Amino acid sequence: MPAQTQPHAEPESVLRRHIRILESFDAWHPYRTLTEIALATGLPRSSAHRLLRDLEREGLIERLPDRSYRLGVRLWEFASRTPGAIGLREVARPWLGAVHERVRQHVQLGVRSARDVLFVERLSARDAVVNATLLGGRIPLPLSSSGLVLLAWAEPAVIDDVVAGGFEPVTDRGLRTPAQLHTALAHVRRDGYAVADGFIHPESRGVAVPVEGPDATVYAAIGVVVANDDSPPAPYVEVLRRAAAGIARDLRKAYRPDAHEHALRALLTRSRRSLEYLEGLPEAGSRP
């Protein structure tokens, strides 16, 4: 009987290797040397150096006088154009501020990115409880209240993918098994909110609710991180739901069909005259 041939692994693309370079930087490692990048990515030093030259040429990586590297500001330029994060952030910021005035702890806004919740905005008080969230940081979906909200209304295939990928709790209060996760998600869908008592730190509790997008699907999650003191979550849920409703209403206004041509109405914090001026400018290539 002939031996069965094993399928060949698809070779890694050059684009994927460039992304590996970019992913080696994070909040704890904003600057890296060539050697550190090679170690973090597992790429040969010569390959890492060649890829860095490509990224530097395009402004995606910047080389400093001491020969270390950091992410380039052109990445921020690209990120600022996406309505999925920055536009949402602009729309939601006043509502997050209102929640923060009431709660005086942490309030944050997250969107789903693969198996993680990506936090696109956060407001905090200096004397607030422990919170692991970083602006632009990620936390696996099963480990936070915002992640549970986003996962509860995700497609079944997304939930299956998260389960297949596995997840490890940070504390002994976190979810440990697929069965526990499925039960938690059923409760979130039933109640309309998620509570994560001590999932990240024993002293902290996360409470989050969904934010609907213009198409009535769950677009984001807005949540608070407060003291894990066994108090009822209802007061937090109420203020979060009001904010979520306000964000959803403003998103519908910002992304109504007749605004798609310019997509500038998502930036609701601009003055009306500024918006009129920007919409009256020529095409992007000739704008200042």
Side-chain angles (χ1 to χ4, degrees), residues 5-90 93 108-122 132-141 143-144 146-147 150 158 161-162 164-168 220 262-264 266-267 278 281-288:
T5 57
Q6 296 297 323
H8 294 289
E10 193 170 316
E12 186 177 43
S13 68
V14 175
L15 174 60
R16 179 60 199 146
R17 280 181 283 166
H18 282 110
I19 291 174
R20 282 170 64 186
I21 296 278
L22 298 175
E23 288 177 338
S24 70
F25 295 86
D26 57 31
W28 307 115
H29 304 92
Y31 304 95
R32 284 193 183 273
T33 65
L34 172 59
T35 299
E36 289 170 340
I37 292 170
L39 288 172
T41 60
L43 293 167
R45 198 172 186 275
S46 59
S47 297
H49 187 244
R50 184 176 63 255
L51 295 166
L52 280 165
R53 283 204 310 267
D54 292 342
L55 293 167
E56 185 182 2
R57 190 179 305 115
E58 299 300 330
L60 304 178
I61 286 283
E62 296 174 359
R63 189 167 183 253
L64 303 178
D66 64 357
R67 297 188 176 181
S68 64
Y69 296 87
R70 69 182 180 188
L71 295 177
V73 294
R74 197 175 182 200
L75 287 169
W76 173 86
E77 181 184 352
F78 287 142
S80 68
R81 298 174 186 171
T82 171
I86 304 301
L88 169 65
R89 182 181 174 192
E90 290 283 344
R93 188 178 290 133
Q108 52 206 30
L109 184 71
V111 296
R112 187 176 68 82
S113 179
R115 297 173 181 170
D116 300 327
V117 51
L118 171 66
F119 292 98
V120 299
E121 185 60 285
R122 190 194 76 170
T133 302
L134 295 172
L135 185 59
R138 296 167 175 262
I139 293 179
L141 290 165
L143 303 188
S144 74
S146 294
L150 294 169
V158 174
D161 182 57
V162 168
F167 52 92
E168 290 290 334
H262 298 286
L264 287 171
L267 306 181
L278 289 168
L281 289 174
E283 289 304 310
S286 57
R287 288 181 181 172

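In this text the structure is predicted, and so the values were computed from the model without any measurement.
Distance alone, capped at 3.5 Å, places no donor-acceptor pair between the D116 side chain and the L118 backbone. Between the side chain of R32 and the main chain of S24, a donor-acceptor pair closer than 3.5 Å is present. Checking side-chain atoms of R112 against main-chain N and O of A114 turns up a donor-acceptor pair under 3.5 Å.
A donor-acceptor pair shorter than 3.5 Å can be found between the side chains of H49 and R53.
Put simply, the side chain of H18 reaches to within 4.5 Å of the side chain of V14, judged on heavy atoms. Annotation: side chain of E62 is not in contact with side chain of E56 (no heavy-atom distance under 4.5 Å). Residues R67 and T33 fail the side-chain proximity criterion, which asks for heavy atoms closer than 4.5 Å. At a threshold of 4.5 Å between non-hydrogen side-chain atoms, the residues R20 and E12 count as touching. Between L150 and L141 the shortest side-chain heavy-atom distance falls below 4.5 Å.
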Margin query: Would I139 and F119 count as a side-chain contact (heavy atoms from CB on, under 4.5 Å) here? Give the steps.
Written below: CA-CA 8 Å; I139 293 179; F119 292 98; 3.9 Å; yes
Next item on the list: Output, in order, the C-alpha distance, side-chain angles, deciding distance and verdict of side-chain contact (heavy atoms from CB on, under 4.5 Å) for R45 and L34.
Entry: CA-CA 7 Å; R45 198 172 186 275; L34 172 59; 3.5 Å; yes
Next item on the list: Could you walk me through whether L51 and T41 pass side-chain contact (heavy atoms from CB on, under 4.5 Å), step by step?
Entry: CA-CA 12 Å; L51 295 166; T41 60; over 6 Å; no
Notebook entry, point to check: After noting the C-alpha distance and the side-chain angles of F25 and I37, does the key distance pass the side-chain contact (heavy atoms from CB on, under 4.5 Å) rule?
Noted result: CA-CA 8 Å; F25 295 86; I37 292 170; 3.8 Å; yes
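Heavy-atom contacts from other residues, nucleotides or ligands closer than 6.0 Å to CD of E23 number more than 12.
Applying the side-chain contact (heavy atoms from CB on, under 4.5 Å) criterion to R122, with sequence neighbours excluded, gives Q108, S124, N131, T133.
A salt bridge links E121 with R89; the closest basic N to acidic carboxylate O contact falls under 4.0 Å.
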